[in-house]
Amino acid sequence: MVEHDAFSAAREAYDTAAPLYAQLFRDTLRDRPLDRAILGAFAEVVSASGDGQVADLGCGPGHITAHLDELGLEAFGVDASPAMIELARQAYPGLRFDVGSMAELDVADGVLGGVLSRWSVIHTPPLELPVILAEFHRVLAPGGHLLICFSASDGSSHPTQVFDHTVAPAYRWWPDHLAALLRKCGLGEVARMVCEPEPTDRRQFQEIQLLARKD
């Protein structure tokens, strides 16, 4: 079970921030061609491996779920924040959005063709991350794909590092460390994209987008 206090604190913080978050990030893909590219690749490999649904976990106001739908995937969103889910439902009434926890998804075993975790694990305490990754593995069908996105720690000597996120305390991971945790859960790395920060970015962290497949 993921630590209740951390989960509750993040949920309440995102409930409060939901309107501003939706305003700031709804068009975030417009100026991020590399993000669009890896989401497109994710959509292609999911489609090639079967017709399963795709869960956008930590979907926020739903804009990425809607993009996956535009790419031809049968996508639905899940978020712990009721306020975020309400905004998503208002913005994209034709799509499905559910309030839920990544640690205990209301999804049957082995039915999803894909899972997208786009910076949604960053508020998970490091000792609890394997619980989340095991849940991703549980809901994926054999051959299903996970695309997980996170910020990198400063080096291999720092497997995890905490940082002061605007909304709630958050964590960074060394990519090889997180990839090893995925392997322990039966999710083998297929590819990774590493994006360097812009000189003007407030946080000088590498952004990692790691694609893995269920054995």
Side-chain angles (χ1 to χ4, degrees), residues 1-2 28-29 32 34-82 84-85 87-89 91-122 124 128-150 175 178-193 208-215:
M1 181 71 68
V2 171
T28 187
L29 289 179
R32 296 180 69 93
L34 294 178
D35 282 16
R36 295 197 306 272
I38 198 163
L39 287 169
F42 172 68
E44 285 195 37
V45 296
V46 169
S47 297
S49 62
D51 297 325
Q53 291 184 312
V54 173
D56 177 12
L57 303 181
C59 66
H63 55 299
I64 303 298
T65 315
H67 184 71
L68 295 178
D69 177 72
E70 292 172 359
L71 292 174
L73 297 177
E74 187 182 352
F76 67 96
V78 178
D79 201 282
S81 165
M84 288 287 195
I85 290 297
L87 289 173
R89 289 171 175 168
Y92 309 103
L95 299 179
R96 169 187 161 194
F97 295 98
D98 300 326
V99 177
S101 166
M102 293 186 296
E104 297 177 289
L105 293 167
D106 187 17
V107 177
D109 293 355
V111 298
L112 297 182
V115 166
L116 176 65
S117 173
R118 187 175 166 83
W119 282 277
S120 59
V121 298
I122 63 171
T124 302
E128 305 295 345
L129 183 60
V131 176
I132 302 293
L133 302 183
E135 187 69 350
F136 293 170
H137 179 273
R138 181 187 69 80
V139 299
L140 279 169
H145 286 80
L146 165 69
L147 179 59
I148 185 168
C149 313
F150 55 97
L178 199 144
L181 293 177
L182 288 171
R183 284 197 299 273
K184 289 181 180 179
C185 294
L187 295 164
E189 180 178 352
V190 174
R192 72 175 71 171
M193 183 172 75
I208 311 298
Q209 304 205 43
L210 194 155
L211 182 66
R213 181 174 55 232
K214 181 173 178 175
D215 297 339

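What you are looking at is a predicted structure, and each value in this text was computed from that prediction instead of being measured.
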Whether the side chain of [X] engages the backbone of [Y] through a donor-acceptor N/O pair (distance < 3.5 Å, no angle test) should be reported.
| X | Y | result |
| --- | --- | --- |
| Gln209 | Arg192 | no |
| Arg183 | Leu178 | no |
| Asp56 | Gly77 | no |
| Asp79 | Cys59 | yes |
| Ser47 | Glu44 | no |
| His145 | Arg213 | no |
| Lys214 | Leu140 | yes |

- [ ] For Asp106, look at atom CG and say whether over 12 heavy atoms of other residues, nucleotides or ligands are found less than 6.0 Å away.
- [x]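 Open: at most 12 neighbouring heavy atoms sit under 6.0 Å from CG of Asp106.
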
- [ ] Let me see the working for Ile38 and Leu147 under side-chain contact (heavy atoms from CB on, under 4.5 Å), right down to the final yes or no.
- [x] CA-CA 9 Å; Ile38 198 163; Leu147 179 59; 4.0 Å; yes

Open item on the list: Would you compute the distance between atom CG of Leu29 and atom CG of Leu34 and round it to the nearest 0.5 angstrom?
Closed with: 11.5 Å

Open item on the list: So, taking the atom named CZ in Arg89 and the one named CG in Leu87, what distance separates them when rounded to the nearest 0.5 Å?
Closed with: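 That separation rounds to 11.0 Å.
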
Open item on the list: Between Asp98 and Arg96, does any NZ, NE, NH1 or NH2 come within less than 4.0 Å of an OD or OE carboxylate oxygen?
Closed with: yes

Are the side chains of [Y] and [X] in contact, using a 4.5 Å heavy-atom criterion?
| X | Y | result |
| --- | --- | --- |
| Phe76 | Val107 | yes |
| Leu182 | Leu210 | yes |
| Val54 | Phe42 | yes |
| Phe97 | Val78 | no |
| Arg118 | Ile148 | no |
| His63 | Thr28 | yes |
| Val139 | Asp109 | no |
| Leu129 | Phe150 | no |

Determine the minimum heavy-atom distance between [X] and [Y], stating which atoms define it.
| X | Y | result |
| --- | --- | --- |
| Ala108 | Arg138 | C-NH1, 3.7 Å |
| His137 | Gly186 | CD2-O, 3.6 Å |
| Ala88 | Gly60 | CB-O, 3.9 Å |
| Gly58 | Ser120 | CA-CB, 3.8 Å |
| Leu133 | Cys185 | CB-SG, 3.8 Å |

TODO: Identify which one of Leu146, Leu39, Leu57 satisfies the side-chain contact (heavy atoms from CB on, under 4.5 Å) criterion when paired with Leu116.
DONE: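 The passing option is Leu39.
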
Task: side-chain contact (heavy atoms from CB on, under 4.5 Å) assessment of Ser117 paired with Phe136 - done: CA-CA 9 Å; Ser117 173; Phe136 293 170; 3.9 Å; yes

